[in-house]
Amino acid sequence: MYHGADLLILDEPTAVLTPQETVQLLQLLRGLADRGLTVIFITHKLEEVMQVSDPVTVLRDGRVIATVNTADTNPRELARMMVGRDVLMELPRTAYQPGAPLLEVEGVSVMNERGIEDGH
């Protein structure tokens, strides 16, 4: 940015960030956009799209499906545009009842990087 660029393109920039780092990055991007910089933010994380974008363009199979104002849409509608059908945004959870153990291991040890046994 110190070279005077007025366009920033980021592809899945939060994929390896912690939640706090993601918050900081999104705040930074919002500030850059507010100062007139164009930010192209490529992601599948729809909540982040809602936080950081003004207009949002949805692509599917390399083609533009729609460009909408972020304030006029929601993650469910964006997901529908992305895949071409309604998408379950939350999967129903069923109670899990674990059964008997399938494998039990005792007396396991390992050599660490210095060749010292580390037994547990």
Side-chain angles (χ1 to χ4, degrees):
M1 303 313 320
Y2 67 93
H3 288 293
D6 55 1
L7 172 65
L8 180 61
I9 301 172
L10 300 169
D11 187 3
E12 301 284 354
T14 63
V16 297
L17 300 181
T18 66
Q20 180 59 33
E21 291 168 332
T22 296
V23 168
Q24 292 172 342
L25 177 64
L26 296 179
Q27 289 172 344
L28 174 67
L29 295 177
R30 172 57 38 204
L32 292 172
D34 289 345
R35 292 197 319 251
L37 183 78
T38 299
V39 178
I40 298 176
F41 186 77
I42 303 164
T43 187
H44 291 87
K45 297 179 180 180
L46 300 180
E47 292 300 329
E48 293 176 8
V49 169
M50 299 302 294
Q51 292 176 41
V52 79
S53 66
D54 293 318
V56 58
T57 298
V58 176
L59 302 175
R60 184 173 65 236
D61 296 327
R63 292 191 163 83
V64 173
I65 300 302
T67 298
V68 296
N69 289 320
T70 308
D72 298 332
T73 192
N74 58 63
R76 183 176 301 280
E77 178 65 17
L78 293 175
R80 188 192 63 71
M81 288 188 276
M82 288 170 64
V83 299
R85 61 176 169 73
D86 287 332
V87 176
L88 292 174
M89 298 302 283
E90 294 182 25
L91 296 175
R93 294 182 183 248
T94 57
Y96 176 71
Q97 298 297 324
L102 298 177
L103 175 68
E104 291 185 15
V105 179
E106 294 180 14
V108 174
S109 63
V110 65
M111 300 290 234
N112 67 19
E113 66 277 356
R114 295 180 304 207
I116 300 172
E117 185 174 331
D118 185 16
H120 291 282

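The figures here come from the full heavy-atom set of this structure, side chains too, leaving out hydrogens, waters and symmetry mates.
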(request) Compare every heavy atom of Gln51 with every heavy atom of Leu26, then report the nearest pair and how far apart it is. (result) CD1-OE1, 3.3 Å
(message) Hydrophobic clusters here meaning ILVMFWY residues chained together by side-chain heavy-atom distances under 4.5 Å, can you tell me if Val23 and Val49 are in one?
(response) no
(request) Mind checking side chain to side chain donor-acceptor pair (under 3.5 Å) for Thr18 and listing every partner two or more places apart, or none if nothing turns up? (result) Glu21
(request) Determine the minimum heavy-atom distance between Pro101 and Glu104, stating which atoms define it. (result) CG-OE2, 3.5 Å
(request) Name all residues meeting the side chain to side chain donor-acceptor pair (under 3.5 Å) criterion together with Ser53; count only those two or more places apart in sequence or in a different chain, and write none if there are none. (result) Thr70
(message) Rounded at 0.5 Å granularity, tell me how far CD in Glu77 sits from CG in Asp86.
(response) 8.5 Å
(message) Would you compute the distance between atom CZ of Arg80 and atom OG1 of Thr73 and round it to the nearest 0.5 angstrom?
(response) 8.5 Å
(request) Decide yes or no for Leu8 and Leu29: does some side-chain heavy atom of the first lie under 4.5 Å from some side-chain heavy atom of the second? (result) yes
(request) Establish, from distance only, whether the side-chain atoms of Glu48 and Thr14 form a donor-acceptor pair under 3.5 Å. (result) yes
(message) The criterion is side chain to side chain donor-acceptor pair (under 3.5 Å); which residues satisfy it with Thr43, sequence neighbours excluded?
(response) Glu12
(request) Determine, using the 4.5 Å side-chain heavy-atom cutoff (strictly less than), whether Leu59 and Val83 are members of one ILVMFWY cluster. (result) no
(request) Using the test side chain to side chain contact (heavy atoms under 4.5 Å, CB included), find all partners of Val16 that sit at least two apart in sequence or belong to another chain. (result) none
(message) Count I, L, V, M, F, W, Y as connected when their side-chain heavy atoms are under 4.5 Å apart, and connections chain through other members. Are Val108 and Leu103 then in the same cluster?
(response) yes
Can you list, pair by pair, the side-chain donor-acceptor contacts under 3.5 Å of residues 62-69, counting residues two or more places apart and other chains?
unit_1: Thr67; atom_1: OG1; unit_2: Thr57; atom_2: OG1; d: 2.8

(request) Quick one: which residue pairs count as a salt bridge (charged side-chain N to carboxylate O under 4.0 Å, His left out) with a foot in residues 29-46, not counting sequence neighbours? (result) Arg30-Asp34, Arg30-Asp54
(message) To check you understand the geometry: which heavy-atom pair defines the closest contact between Leu25 and Pro13, and what is its length?
(response) CD2-CB, 3.8 Å
(message) Rounded to the nearest 0.5 Å, what separates atom CG in Leu10 from atom CD1 in Ile40?
(response) 9.5 Å
(request) Grab the two heavy atoms, one from Ile42 and one from Ile9, that are nearest each other, plus how far apart they are. (result) CD1-CG2, 4.2 Å
(request) Enter the distance from Glu47:CD to Thr22:OG1 here, rounded to the nearest 0.5 Å. (result) 13.0 Å
(request) Go through the steps to decide whether Leu17 and Gln24 satisfy the test side-chain contact (heavy atoms from CB on, under 4.5 Å), and finish with yes or no. (result) CA-CA 10 Å; Leu17 300 181; Gln24 292 172 342; over 6 Å; no
